[in-house]
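Along the sequence shown, residues carry numbers from 1.
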Amino acid sequence: MSSSSLDEKEKQWRLNDTEVAPGATKQYESIVAGPTAGDEKDLEVDIEKRSTRGELSRLQSTQSGVSDFSDDTSTTKSASKKKPWHKKLNPLKWRKPIPVPETRQVSREYQASFLSRLSFQWMAPLMDVGYQRPLEHNDIWSVNPDRSADVLAAKLKASFQRRLDEGGKRPLLGALFDTFKWEFIIGGLCQLLASVVQAIAPFVLRYLINFALKAYIAQHSNQPAPPIGEGIGLVIGITAMQCTQSLATNHFMYRGMMVGGQSRAVLIAVIFDKAMKLSGRARAGGAAILEAPPPDIKPGSEEEKKWYQKLLKKKQKKAAAPVGAKGVEGDGQGWGNGRIINLMSTDTYRIDTASGFFHMIWTSPVAIIVTIILLLVNLGYSALPGLGLLIIVMPLLGRAVRTLFRRRVAINKLTDQRVGLTQEILQAVRFVKYFAWETSFLERVDGIRKKEIHGVQYLLGIRNAVLAIGMSMPVFASMLSFITYSLTDHGLNPAPIFSSLALFNSLRLPLNFLPLVIGQVIDAKASVTRIQEFLMAEEAQEDVDWDYENKDAVVLKDADFTWERTTTQDNDEATLGGPGKKPSNDKAQKKEDKAQKKKDKTQEKKDKRASTLTQATAVTSSSSETPKEEEHPFEIKDLNLTIGRKELVAVIGGVGSGKSSFLAALAGDMRKTHGDVMIGASRAFCPQYAWIQNTTVKENIVFGREYKRTWYNKVIDACALRPDLEMLPNGDQTEIGERGITVSGGQKQRLNIARAIYFDADIVLMDDPLSAVDAHVGRHIMDNAICGLLKDKCRILATHQLHVLSRCDRIIWVDEGRIQAVDTFNNLMANNAGFQKLMMTTSSEEKEDDQEHANEDEIEGEKKSARKKKKKSAALMQVEERSVKSVSWGVWLAYIRAGGGIWVGPLVVGLLILSQGANITTSLWLSWWTSNKWKYSEGTYIGAYAALGFSQALFMFAFSIAVSVFGTEAGRVMLHRAINRVLRAPMSFFDTTPLGRITNRFSKDIDVMDNTLTDAIRMYFMTLAMIISVFILIIAYYYYFAIALGPLFLIFAFSAAYYRSSAREVKRHESVLRSHVFARFSEAIMGMPTIRAYRLQDQFSQSVRRAIDDMDSAYYLTFANQRWLSVRLDVVGILLVFTTGILVVTSRFSVNPSIAGLVLSYILTIVQMIQFTVRQLAEVENNMNATERIHFYGTELEEEAPLHYGEVRKTWPEHGEIVFNQVEMRYRDGLPLVLKGLDMHVAAGERIGVVGRTGAGKSSIMSTLFRLVELSGGSITIDGVDISTIGLHDLRSKLAIIPQDPTLFKGTIRSNLDPFNEHSDLELWTALRQADLVSNEQSMDDHSSRMHLDAIVEDEGLNFSLGQRQLMALARALVRGSQIIVCDEATSSVDFETDQKIQKTIVDGFKGKTLLCIAHRLKTIIGYDRICVMDAGTIAELDTPINLYDAGGIFKGMCDRSGIRREDFFQQ
C-alpha cells in the first residue's frame, strides 16, 4: 500500500469516520464559553457581553465567536415562538424548559442504585431535558470517573507491562481483558442467559397451544374443559421469560458497547503516549534493536558500534528468512504519521465495534444447539431435513459474504480515487476555473463514479440475494420439516407445529449474526495485533546529557548524527523500485519536507525525515538500476563545538548542506550515532516550517506555559504581531484554522518565533525563521527579538540572510554535513576563500530577497485590513446550514425522482406489500392446513405451501434489489448534480466555505447514500410492514386486540419521539467532540518534532485525554439512551405478548387453535422487531440528512455565468489587445470596492509589469480578467469583444495563467500539461524543454531521468520540488499557446538562477504575446515595456520603467529599497 493511499486513508478516516461530519458542529458548541441564564433576555445580554469580550472556549471550532453566539440566540428565540395548537396538546411540554446548568455534572451512572442501573432509569433526567429543548454541551454529564481515560490507561499500561515481562503470547489482549474483566464477564453471562431463554420461550408455546387445543376440542365434543388457571399460568410464565430475556439482552449490549467504547478510549490514549516516545528508527521502519549491548560496553564507544554492527548483520540474516514472530522486525513499513493516525481512527474503531457483539461468538452456537434439541423433541426425526438444509446453506452464505468483502475492497479503491480526485479539484478550484477545465474534470469524476456505482450495485445485488436467502432460510427449513412431518403419517397437530415454527424463526437471528460477528472479530484481532506491534516498537532514547550547571550552553564532542533510512531499506521490497526511490510523504511529512525542500534540494532523496511507506510506483532514479548501491540517509559527522550561554551563532551553508539537520540534531530530532552531546539549559525550537495548532493565537504563543501578561506583550511587539492581532476579528483570541490555514505564511512564521521566545528557554534554536517574512519585518524581529528580548540567551540561527551574519558572535559554516569553519564574520571574510565565494552568490540573491516577499505577509495598507476584517466576518457567517428537524418531504420526493422518477415510489411499495403478503399467507396456509380448513388433499396443501414459500423469497429479493438499485441510481444523479453545481459556484462560495465541509459532503455523505441509506430504508420498511401485517392478522381473529393496540401504539409512538429528540442531540455533540479528538490527535502527531524539542509530551497527552473523555461523555450516553429506549419498548412488546396470550386463553372456545398457534408464534418474533423499528427510523432519518445536504448542494448553490454563451469567432483573440475601461470590482456585495475606476490600455503584444504593495489590487486585476469575480462597473474588452458578453469557458480557455502557487494534479506530467489530450507529445515535450525542465540532449523516449511525459505526479505534485512545479506551470502556459498570458508572481519560490531561466523563457517563449506580470522581484520586470504601479485599487503610476524611475514616485522608492540603480535598466 503506497503512502499516497495512506494519505487518502488519512483523508478518508477524517471523512469516513461515521461521526466526523464537520457539518453538524457549529451550532451548539458556543454555550460552553460561560453560564447562560434560563431567561431569554439575560441570554442575549450575556451573549452581547461575552462576544465583545470575545472569550472563546477551546472547544470551539474554527468559527468566530460572534457568529456562533448570534446563531445560538436565534435557536433559542425560535424555541420560544408561538407553538401550533397540536404542540400544545402535549402535557410534557407545558413546563418551563430547564435552564442549562452552570457546570457539567458527573454522569449519574456513577452513583445510581442497583435498580436504576438495571432499568437504565438514571438516564431519564437527561432524556427529559432533551425532550424539552435541544441539549447543550453543559447538559451532557461528564464521564463517569471509573471510566475516565486516565484511570483506564494507567490500568492498561500496568497490565501490559506486567504481561510483557512475563512474556505472554498476546500481551495487549490480556491487558485489555484485565482492564475490563468484570464488565466483560457480566456481559457474557447476560448474553448466555438471554440466548437460552430465547431458545426455550417458543417451546413453552407448545403447552399454551395444547391448552387451547384441549379446550377447543372439549368445547366441540362437550367434555369438561381444562381449568382457565393453567392457561393464565402459562401466559405469565412466557411473559416472565420475555422480561428476563429483555433485561439480559439489554445489559449484554450495554456492557459490550461500553467495553468497546472504553477500550477505544484507552487505546487512543495509549497510542498517543507511545507515538510521542517513538524512536525515529521505528518511525522509519528500521528493525528495532531489542537487545541492549552488554553493560560493560560504554555507550558511544567504538565497541558499542561494533556490537551494533554485529547485531545488524544477524538481523539482516533474520530478515532474509521469513520474519519470526519473536520481536518486531522492521517490516519496512515504519510508523509514519499516516499509519499512526490510521491505528487511532480505524483500528480502535474496529475493536470498538467487535467488542459490542463479541459474546455472540460463543453464545450463538449454544442457542442454536438448544434450539435444535428442542426441535428434535418437538418434531422427532422430521426436524432433521430442515436442520440439514440450514447447516448446509448457512456456511455457503458465509462464503458468499466473504467474497463481498473482497469486492468491497475493490470498490473502496474506486471511492478513494473519486474522493482523492474531488479533493484535488476542490483544493485547486481557482486553478480549474482559470484554465476552464471544469468539464474535463467532471468527466473524469463521472467516469470513476460510474464504475463505482456499477460495483456498488453489483455488490448490493449479491448481498440482497444472500440476505433474501438468509431471511427465508427458516421458512424453507420449516417447510421441509413440516412436509416430512405430515408425510410420515403424523397428523399435523398445531401445538408442535407452531412452537416449531417459532423455534425455526428464532434461529434466524443467531444464524444471520454469526458470520457478521465472526467477520468483525477477525478484523478486530488483526487490529489488536497491529496496535500491539506499535506499542512494542522501539522508543526514542534521550541521548543527550542535560547539565544545567555547565558553564556552556551546548557542548558537542565528536558527535555524529543521522536521519533514519528511507523506509524500503529494511525490507525486501527494496527490489521493487530500488533504494534511489524518493519516498513519498504523508501529510505531516509535507511540513517537514517543505522545510527541507528549500535547503536540501540536492539532499532531497536522502534527507527526508522518517518518511512513511515508499511507493512502489514511484519514479526510480537513475541510480536505482543497481539495487546493490544502498543510499545512506543524510548524516552530520564529527561535530566538535562549544556554544556559550549568551552567544548568537549563525549556521550558514548552501542548499542541502545540512543547516536544518544541525539544528534538528540539537532539537533531539536526529539520532546520535557517536560521541557526546551536552545541553546545559532548557531549549526552544523554531522549525523552518511552522507547526500551528488549531486553537487561539494566544494559546499558540503561550504553548502550555503560564500566561504572563507583560512578557507576552513584549513578545508580541518584538515579533511584529501587533498589527496582525489588530486585524484579526477577535485579536489574540481568534481561533486559527487547522494546520494554520487562516493565517498567512509570514504570520505563521512569526507565531512560531513568538512561541519560541515566549517559552523563555535558555537555548533557542531557530531554523531560518526570517525566510518567510518581509525584509523590513525581518530586520524588526532581528533587532527587537533575536538581539533584543533574547540577548542573554544562547541563540543558534540557521539563515540565508546576509545582513544577519555581521551581527552574530560566531558563524558556523556547514557543508555536506560537516562543519567547514567556525569563526567570526570578519575573520571568515578575511581568510576564507570558500566563504567569500559563498558571500558573493548570496549578495546577488540578497537584493532580490528584500523585495522578495512583498506578498501576503505584511499588512501595511489600512485598506487591506479593513477589507480583511470585513471579509473575515463575512466568511465566518457561513455557518453550515444544518438540520435540526427531520428531513422534509421535498427531499424525499427529490430522492425518489433522482432514482428514476415518481413511479419508483409506488413500485417499491407494491413489491413490499407483495412480499409481506406472501409471508403472512404462507403462515396462514400452514394454519389452514393443520386445521384442514379447505378439505384439500395433502398434496395440494404441500404444493401450495412450497409455492408460497418460494414466492415470498422472490418478492423479498425483488423488493431489496429495487430499493438498492434505485437508491444508488439516486446517489449517482444527485452527486453528479452537486459536483456540477459546486464547480460552477462563484469563488465567493469557496472563500466562505471550508474545504473540509465540501469534501465531507462528497465523501462521507455520498458514502452514506451508497452504502448505508438503502440498507436502512430496506430494513425499516421491511420490519414495519411485518409488524403491521401481524397486527392486521391478529385483529382479524381477535378483534379485542385492537383495544389494547391503541394505547400501546400511542406509548410506542411517544417513546420513539421522546428518544429521538435527545438521541439526536447527544449524537450531534458526540460528532463534534469526536472531531476534536481526531483534530487534537493528528495535530499533535504532526507537531511531534516541535513537541519533543520543547519536551511537552505530557501536556499534550493530557490534552488528548481530556478530549477523549469529553467525547466519551457523549459517546457512552448514546449507548445508555439506546438501552433506555429498548427497556421501555420491550415493556410495550411484552405487554403485547401478554395481551395476546390472555386473549388466546379467554377465547379458547371460539377460535381455532391452529390460528391461536400462528398468532402466538408471530407475536413472539414481533417483540424484538418493535425497538428495532424505532432505532431504524432514527437511522433512516440520520442518513437522509446526507441526502438533504447533497440535495442542497445540487439545487441551492448560486452559479457563475454560463460556460458557453453567444457566438465567439474561432480565431479570437488574434492580437491580444486589452482595454480596461473604468473597471470597478468588489469581492462580494456589501464589501468595499477593491478596484476603483481602473483605466488601462494594453497594446497587443505589450509586456506590462504590475507592482504595488499587498492589498493594492494587483491580483484583483487577474480576477476581473478571468471573470472569477464579476465587475461592479465598467468593462474589459479584448480585441474588441466585451468579455462580459461571452461564456466563461470561451473566455477562460483563451487566456493562459501562470499562477502564484503552482498546482499539479495526481497523474502524469502529460495529464498535467494537457488534460484534454488536445496537443501532440511533441508540443508538450517542446514546452518542457523551453521551461528548462529537460535538457536539450534528452530525447522524448528517454525514461531514465525523472522528467518525462509519463513520469508520475503524486498528490499535489509533492514528488517535485517547488521550483520544478513552478516550471511545470510555466510549461503548461506554453502549451496553451494563447495570445494573452497572465503571470502571477510566478517566480516567488525559485532560486535566483532558476528565476533567470524562467524570465528568459518568458521573454523567448511568449514573444509577440501580451503579457501581464504581477511581480515580486522588481529586477525581473525592469526590462518590460511598461510598468503599472497599483495603489489602493487605482493606478498610481503607469509608464516605461526608466521614466518612472526618473519621475521619482512610488516606483523609484521601491527600486531604492531593492538596490536597483539606474544603470540596471540598460543591462537587460
Side-chain angles (χ1 to χ4, degrees), residues 1-3 5-20 149 152-153 156-157 160 170-173 175-176 179 260-285 288 328-355 412 520-540 567 586-589 610-613 1074-1075 1077-1088 1097 1100-1101 1104-1105 1107-1108 1111:
M1 194 165 138
S2 68
S3 95
S5 70
L6 252 184
D7 216 40
E8 300 275 5
K9 266 288 175 316
E10 180 191 338
K11 278 180 201 143
Q12 223 187 329
W13 64 255
R14 292 292 266 287
L15 306 165
N16 281 5
D17 193 282
T18 350
E19 277 28 75
V20 191
L152 296 175
L156 183 83
K157 277 186 171 166
F160 184 65
R170 299 205 180 100
L172 185 57
L173 265 180
L176 281 171
T179 314
Q262 292 175 99
S263 46
R264 174 168 202 183
V266 65
L267 284 172
I268 292 179
V270 176
I271 288 172
F272 183 80
D273 291 351
K274 177 73 183 189
M276 286 286 128
K277 296 191 211 131
L278 202 61
S279 74
R281 191 187 295 126
R283 288 180 73 90
V328 187
E329 286 300 340
D331 54 355
Q333 282 218 357
W335 294 102
N337 298 342
R339 259 190 106 193
I340 295 177
I341 287 172
N342 226 355
L343 279 185
M344 171 267 191
S345 59
T346 331
D347 289 325
T348 56
Y349 180 65
R350 285 197 182 138
I351 293 169
D352 182 358
T353 35
S355 79
N412 281 348
Q520 283 180 346
V521 171
I522 289 171
D523 277 355
K525 186 169 168 287
S527 294
V528 171
T529 320
R530 250 203 306 278
I531 293 175
Q532 173 177 310
E533 199 177 304
F534 175 67
L535 292 180
M536 289 162 65
E538 184 187 32
E539 297 190 0
T567 42
D586 63 54
K587 276 272 160 50
Q589 217 48 39
S611 116
T612 35
L613 318 179
R1074 160 165 311 183
S1075 37
V1077 175
F1078 276 52
R1080 204 53 70 69
F1081 187 96
S1082 44
E1083 190 173 69
I1085 293 287
M1086 289 176 182
M1088 193 145 26
Q1097 291 96 323
F1100 277 88
S1101 168
V1104 167
R1105 286 180 185 190
I1108 294 174
M1111 163 179 89

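Within the 3.5 Å criterion, the main-chain N or O of Gly260 finds a donor-acceptor partner in the side chain of Ser355. Proximity of a side-chain donor or acceptor of Lys274 to a complementary backbone N or O of Leu535 within less than 3.5 Å is detected.
Looking only at side-chain heavy atoms (C-beta outward), Trp335 and Glu533 come within less than 4.5 Å of each other. Side-chain contact between Leu156 and Leu176 is present, with at least one heavy-atom pair separated by less than 4.5 Å. Using a 4.5 Å cut-off on side-chain heavy atoms (C-beta onward), Leu278 and Ile340 make contact.
In this structure, Arg1080 CZ and Phe272 CZ are separated by 10.0 Å, a value rounded to the nearest 0.5 Å. The OG1 atom of Thr346 sits 10.5 Å away from the CD1 atom of Ile341 when rounded to the nearest 0.5 Å. Here Gln262 contributes atom CD and Thr179 contributes atom OG1; the two are 9.5 Å apart, rounded to the nearest 0.5 Å. Here Asp523 contributes atom CG and Gln520 contributes atom CD; the two are 8.0 Å apart, rounded to the nearest 0.5 Å. Separating the CZ atom in Phe1100 from the CD1 atom in Ile1085 is a distance of 11.5 Å, to the nearest 0.5 Å.
Closest heavy-atom contact between Arg264 and Met344: NH2-O, 4.1 Å. The heavy-atom pair separating Asn337 from Met1088 by the smallest distance is OD1-CE, 4.4 Å. Nearest heavy atom pair, residue Ala282 against residue Glu538, reads CB-O, 3.7 Å. Closest heavy-atom contact between Val270 and Ala153: CG2-CB, 4.5 Å.
Lys157 NZ: more than 12 foreign heavy atoms inside a 6.0 Å radius.
Under the side-chain hydrogen bond (donor to acceptor under 3.5 Å, both in side chains) criterion, Ser1101 pairs with Asp273, not counting sequence neighbours. The side-chain hydrogen bond (donor to acceptor under 3.5 Å, both in side chains) search around Ser263 returns none, not counting sequence neighbours. Residues meeting the side-chain hydrogen bond (donor to acceptor under 3.5 Å, both in side chains) test with Arg350, sequence neighbours left out: none.
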- [ ] Decide yes or no on side-chain contact (heavy atoms from CB on, under 4.5 Å) for Ile271 and Phe1081, but give the supporting numbers first.
- [x] CA-CA 10 Å; Ile271 288 172; Phe1081 187 96; 3.9 Å; yes
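With respect to Leu267, the side chain to side chain contact (heavy atoms under 4.5 Å, CB included) criterion is satisfied by exactly one of Leu343, Asp347, Leu172: Leu172.
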